[in-house]
Every structure is written in C-alpha cells, then in structure tokens.
Number of protein chains: 2
Amino acid sequence: MITIKDIAKEANVSEGTVDRVIHNRGGVAKKTAAKVQQILKHYNFKVNPVASALATKNKYFIVALMPEHNEQDLFWKSPFSGILKAEEDVKNLGIHIKIFTFNQHESNSYLNAYKKALESQPSAVIMVPNFFKETTEITNDLEKLKIPYLFLNIDISGFKNISFVGQDSYTAGYIAGKLMHFNSPKSSEFLIIQFKENIIRNNAVSNRVKGFNDYLIKNKLDSKTHILEIENINNDSARKEIINSYLKNNPKITGIFVPFSKIYLIADCLENQYLDKLELIGFDNTQQNIDCLLNDSVSFLISQKPFEQGYEAVRLLSDYLIKNKISTDKFYLPIDILIKENVKYNIRKDFITS
Amino acid sequence: MITIKDIAKEANVSEGTVDRVIHNRGGVAKKTAAKVQQILKHYNFKVNPVASALATKNKYFIVALMPEHNEQDLFWKSPFSGILKAEEDVKNLGIHIKIFTFNQHESNSYLNAYKKALESQPSAVIMVPNFFKETTEITNDLEKLKIPYLFLNIDISGFKNISFVGQDSYTAGYIAGKLMHFNSPKSSEFLIIQFKENIIRNNAVSNRVKGFNDYLIKNKLDSKTHILEIENINNDSARKEIINSYLKNNPKITGIFVPFSKIYLIADCLENQYLDKLELIGFDNTQQNIDCLLNDSVSFLISQKPFEQGYEAVRLLSDYLIKNKISTDKFYLPIDILIKENVKYNIRKDFITS
DNA sequence: ACTATATTTGTGTACGTACATAAAAACAAT
DNA sequence: ATTGTTTTTATGTACGTACACAAATATAGT
C-alpha cells in the first residue's frame, strides 16, 4: 500500500506538501502541485481512512432528525436502531451521530428539533422530511450553511438532498395489489383504509394506493376498490363500528389493504366472521403487525426494511464525508414480502453490540 | 473515550503492562494483573480497533473456499462479490482475504484448493462444505492447527465450526409450498424436479423438498406431489423430452417446484401449453432465473441472499478475530420472496466500490 | 553478601495521516 | 544590498495501540 511518504519521496517534496495537495489546502506552488497530483494519480493513491480517522479525532458529526417512537407507533424504532448500529461501525472512523426526534404530528416540534440539532454544528444531516413547508425552510438554511442533507424514508422532490434512502412506494403498492389478487376470485372488491392525517402529507401512502389500483388496471381485472376514510384511527370503538358496518353493507369485499403501518388496529377490531373470510395486507414489520401475521389475521406485510434504512443512510453519508463519494441516485431498499413463515428471519438481532 | 494510557495512569503501571494484561501476553505479576483487569472492567475498556489496526499492519488473513462460478452456474458469483465487498470494509482494519475456488463436482479439486489455501497460513477459513468426507479431513486438520472455520451456505452438523451463515432450507421449502398453493385449486398435483447429483450430497435440496411436502401435510391439503429425477440436467434435448412427456402423462399437474438454482433450465424447455398453465417456483436470483421471472415463465423465486451470505460471513469472522466476539449461533439470512415486481430492488449494485 | 537468573515492569518507536509551527525561498520595496 | 513581506516548503508532534527492547526488581544459589 502506497503512502504519503512514498509520494513525497517520489516527488522530491516533503510529506506536508503532499498533504496540502491532497486536501487542497492551498499554499503550494502551481508547478509543485501539478507534479504531486500527477504522481498521486499515477499510483492511484487513496488516503488510508484508518490512519486518517486516528489522526483527525472526531472530525465528523452527523445529526439525524426523525419522528419519535412509542408503544402505539413502533415504526420509527427500527431506523433508530439501524442508525445506532451503523454508528458502531463508523465511530472509530471519527464519525459521531446524534439523533433528534420530533413529534410527527406537530410541525413545530420538527422545527425545534432542527434548531437544537443545528446547535451541535453538524457536518451532515439525515432527515425525515415529514412536513413540506418546514422542510423547505430547513433545507434553505442548510444550503446556506453548506451542510449536506439526506432524506430518509420520505421521498419528496424539488430539493437538493444528497440522496434518498427508502422504498419505492408505488411499486410496493403495486406488489400489494398483486398479492391481494393471489387468493381472490376474479372479480372481487377490496377495501382500502385511509387515515385523514396521513392523506395530507404522506405521499408514500398515496403512491401505494396508486400502485395498488394500477395493478388492477394494468392486468384488466374486473375488481373494484372501496376507500374508507377514518377520522380518528386511535378511537377503538369508533373504528370498530365504522369498519364492521362498512363491511356489512358491502359483503362482496374480500380483502382489506392498509397502506400504512397500523394494520394491527384494523385486524384487532374486525369481527370474527370477517377475520376468517378477508385477506388483509399491510405495511411494516412492527411487533404488533408481526403478531397479526403469526395469528393468521393478516396474510402479508410489506416491509420497508426500516432498520436497513437507518443503517444505509449513515453508511452513505459516511462515505460521502470520508471518501467524498457522491451518490445522487436514490437508494431503494428491497421490497420484502413477509408472511407468517419468513417473518422471524427478518428481525435484526444484532444491533448495539459492542 | 478511555485509552490504555488512562488505564495505566489509574493503575499506576506503564502502558506496556496494561497492554500485556489486555492481550494475555503473560509476564505480569498476578497482583498487578488483577488490579489492571479490575480497572479495565470498571471502565468497560475496549481497544480502539482503528488504532489497533494501524499498529498491527495486516495481522489477519482470511481464506475462503468456495465453488467456482461460470456462465452455466452463476449462483456462486454473488457470495464471491459479497466477500469482496466486505473485504473493502475491513481491509483497513488489517484483515485481508483470498478466495480459493474449486470445482463443485470434484472432491479432489476441493482438497487441492484447501491445500493451496493452507499455504498462505490463514488466521481463519470460510468454507462451503460441499463434500462431507473431505470436509471431515479438512476440519480435523484445521482443528489441529487451531484455525477457526465457518460454514457458508451449506449447513452440516457434527463439526466445530464457529458459525453457519446461510438459509433455513426447510422453512424456505415450506414457504415454497405455501406460495405454490396460493394460485392452485384445492386438490392439485405438483411436480418436484430432482437432479441426481444434488440428491447425493446437498442436504439443502432435500430439506427444501421436506419443507414443501410438510406444508401440504400440515395444512391437510388434498394434493399430490410427483418427483421426477433427471440424470443429466445439462442435456437440453433429453431434458426437454423427459419433462414434457411427463407432463403429458400427468395432466393434473398445476405447478413445478425446482428446489435448486436452475429453474431456468426447466422453464426454457417447457412447451408453450405448459408454460402458460403451470406455476413455477424455484430458488436463487441468478440472472437466468431473474429473466424467467421477468418474462412470466416463473412465478416465484426464493432468494438465499447469496451476496449477503458472503458479506456477513466475512463480518462475522472479522468480529471474531478482532473483537473476540463469539457467535456459535447460526446466522440465518432472510428468506426473500421474489416476484417480477420486486426483483430489481434485490440486486446489489454497490460491490467493489473503493 | 554477591552474582546469576528469572520475573516483572518501563520506555521508545512504528503504523499513516493531519495539522500546527518553524524554516526556507521568492519577491517587492526602499 | 538590505530589510520586510508573502509565498512556499519542511519538520515535528499527536492520534491510540502493538511490540521490541531496556531497565528494574525479585528470587535463587553459592
């Protein structure tokens, strides 16, 4: 492995000069710089990131802005763990991470988390752009400060984010459509559950629904979809009443598609007659949802691989910071189809080891 | 972050002594060692792997013994790539890897590859134990030399391997059974293709078949399975003749299960009438198999995540060598269900980046 | 008590890079 | 030519660990 010392010897300059050339620190005569550059290229020199990390202690600081998780909404726990796991891998390379969480139902909380995050003078930001308008403010600010940022999980366009890490929601919905039809008669009706708050700002949900419907259309299936909007999904009795009565009035429905992470709330309130008869397909492998798979109330879950989202986001940014590796492309994670039998192998056991 | 220097100061000894205690190099008075140990534990000291790697240049050498890949048998290309990718991640930690390939149809080739591998005095071995008897010889040898070894992809018991990285074949077959029944009428017949050579030594194949059949039994499905053994699967015309005539004589068959990686050979030789009618389910996302998914001749592929197998094997061994982290448990990778729509997101684009 | 020997502990240098500081060279102004 | 100023280049130390070697201490034998 070729070192700075080797390059310096070859170019008849000191190691310091080579260092300046490598990092464009300036203060090197044009002619000398050119010579060094040429030799660097000739030997395809790459700095040893291990030695570099050791020399520049704690150089980089990544902050992550993401929704908080709790008992009712476990989804965000996995990206959280994924980020922590990745930090284990990169911390000795001088990269440290701090996660700031916000309440995904309050835009103010989002802005406040950002403000706090900014105080730690981050070198880069991982963010879940949950609110459009506020995200515009934040990214404008970051661009002024020349702090690179990456979108996690929510893919919105018109921004100068380094990359996006998450899932292709449209295709995921399309696949849900296909799975729904596996077990269904040729002409059946399906119920799509919507949740007011989601419709407003989460384009992932609408893309999934679009994909789901497109599957029917493209395959010329003689099926019909119903959409049922629920005001307050956390009101148990109201939810139960609304759904079961809707199913009673529409007996042809053979399946329910829940394009967001809370299918367990639907499964839990279905009357037995419907539970046995209906095909349920939802998103995300939270513990509650997994339980529904295991007790046969839900047939399929589509995983967004949330752990991997967090993990890869950190790895991508680390490569960007350390190796200047740019990846403008979207980083789409696999669309995992989970059933009762394979779900246990999808759970990451190995986070926070060290 | 606490350092050796800190520990030394606290214990009133020199850094060298602490180093000796940490690495059990001996030559430390019992009393002193105990004191240092206690302080190490108290601060939960962990060596900085980055500094350690820098100080001990190229300390570890891992060799991998795996089948070679070629145009006809692409399966082993992915673990190969996965290992190379992982090497990128760990090479600056002083871990280097060399892959030795062998002809999976000749046990001598396996032994020869091992002999060559041994010459490089490896610190650990990743091996695909393709031949039972020869594996016994090899592992006996390795145990004498106190070289740890890990099994990749093929899970055989009765050995002292550090770990196994691969798939739960039985469950994968069970899932194949479930998928096969999604689209089939209640009482249908299925054809399982076997391949002489595989039967002999690859217990993964027989476990998959067992899982497949168990799905029928456990769910009390009124189905029947046929088993068709093919002598020389690479003889195009013979294969075509055998399969199509078998299907002609058994018109009730609605699906074909191919429990090894060459379903494309089956799909390619089916007459159109069968191609349209039959459900095909196979293993492994090789390019040829993926093409079959995309042209609708195959409905499902179950991926063994071969890239990840290679990657994780290296990571596991690295952790073992560097951090002394032991993992006797089997490392089962997810059982990915691949369909036309999600297959493209399962292809790793990012190997050998550097 | 005095070597001889074994045991235990301390010191210094290397790994490859980053960066601060010192030194040298180049240039300008008087 | 001398001094001052800027540009350019060289040197040295630190990061945290590993390990060779030196030094100090303990133990045994006479």
Side-chain angles (χ1 to χ4, degrees), chain A residues 1-37 39-40 43-60 90-96 123 321-324 354, chain B residues 1-37 39-40 43-60 90-96 123 321-324 354:
Chain A
M1 178 166 265
I2 191 123
T3 71
I4 285 183
K5 200 188 279 181
D6 300 325
I7 301 288
K9 205 177 289 172
E10 179 96 9
N12 264 320
V13 294
S14 76
E15 300 173 34
T17 302
V18 176
D19 175 70
R20 273 179 292 261
V21 173
I22 290 171
H23 296 93
N24 298 312
R25 294 193 215 286
V28 179
K30 257 190 180 175
K31 213 172 127 192
T32 317
K35 189 166 72 178
V36 173
Q37 282 285 14
I39 295 172
L40 286 172
Y43 286 103
N44 189 28
F45 175 86
K46 295 257 157 43
V47 294
N48 179 338
V50 166
S52 177
L54 188 61
T56 61
K57 238 184 108 48
N58 300 350
K59 195 172 179 179
Y60 298 112
V90 299
K91 74 173 182 195
N92 290 303
L93 298 173
I95 296 177
H96 290 254
S123 346
L321 292 172
I322 293 181
K323 303 183 192 164
N324 267 317
S354 159
Chain B
M1 177 166 267
I2 190 123
T3 72
I4 285 182
K5 200 187 281 182
D6 300 325
I7 301 289
K9 206 176 290 173
E10 179 95 11
N12 265 319
V13 295
S14 73
E15 300 174 34
T17 302
V18 176
D19 175 70
R20 273 179 290 261
V21 173
I22 290 171
H23 295 94
N24 297 312
R25 295 193 215 286
V28 179
K30 257 190 180 176
K31 213 174 126 191
T32 318
K35 189 166 71 175
V36 173
Q37 283 285 14
I39 295 171
L40 286 172
Y43 286 103
N44 190 27
F45 175 86
K46 294 259 154 47
V47 294
N48 179 339
V50 166
S52 175
L54 187 60
T56 61
K57 239 184 108 47
N58 300 349
K59 194 171 178 180
Y60 299 113
V90 299
K91 75 172 182 194
N92 290 303
L93 297 174
I95 296 177
H96 289 254
S123 345
L321 293 172
I322 294 182
K323 304 182 190 164
N324 266 317
S354 158

Where [X] and [Y] come nearest, the two heavy atoms and their spacing:
| X | Y | answer |
| --- | --- | --- |
| B:Val50 | B:Asn48 | N-OD1, 2.9 Å |
| A:Ile22 | A:Phe45 | CD1-CE2, 3.5 Å |
| B:Met1 | B:Asp6 | O-OD2, 4.1 Å |
| A:Gly94 | A:Ala53 | N-CB, 4.2 Å |

Legend entry - DNA chain D contacts among residues 25-33 of chain A, heavy-atom distance under 4.0 Å: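 Close to the strand are A:Gly27, A:Val28, A:Ala29, A:Thr32.
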Legend entry - Of B:Thr32, B:Val28, B:Val36, B:Val13, the residue whose pairing with B:Arg20 passes side chain to side chain contact (heavy atoms under 4.5 Å, CB included):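 The side chain to side chain contact (heavy atoms under 4.5 Å, CB included) with B:Arg20 is passed solely by B:Val28 among B:Thr32, B:Val28, B:Val36, B:Val13.
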Legend entry - Side-chain donor or acceptor of A:Lys35 paired with backbone N/O of A:Ala11 under 3.5 Å: yes
Legend entry - Polar side-chain atom of B:Tyr60 near backbone of B:Leu321 as donor-acceptor pair, under 3.5 Å: yes
Inset, instruction - With side-chain contact (heavy atoms from CB on, under 4.5 Å) as the test, would you mind laying out the steps for B:Ile322 and B:Leu93 before giving the verdict? - result: CA-CA 9 Å; B:Ile322 294 182; B:Leu93 297 174; 3.9 Å; yes
Inset, instruction - Please round to the nearest 0.5 Å and tell me the distance separating atom CG of B:Asn12 and atom OG1 of B:Thr17. - result: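 Output value for this atom pair is 11.0 Å.
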Inset, instruction - Mind running a 4.0 Å heavy-atom check of residues 4-22 of chain A against DNA chain C and sending the residues that fall below it, in number order? - result: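 Only A:Ile4, A:Glu15, A:Asp19 qualify.
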Inset, instruction - Show your working on side-chain contact (heavy atoms from CB on, under 4.5 Å) between A:Val18 and A:Glu15 and close with a plain yes or no. - result: CA-CA 5 Å; A:Val18 176; A:Glu15 300 173 34; 5.6 Å; no
Inset, instruction - Please find the earliest and latest nucleotides of DNA chain C, in the 5' to 3' direction, that have an atom within less than 4.0 Å of any heavy atom of chain B. - result: C:dT8 to C:dG16
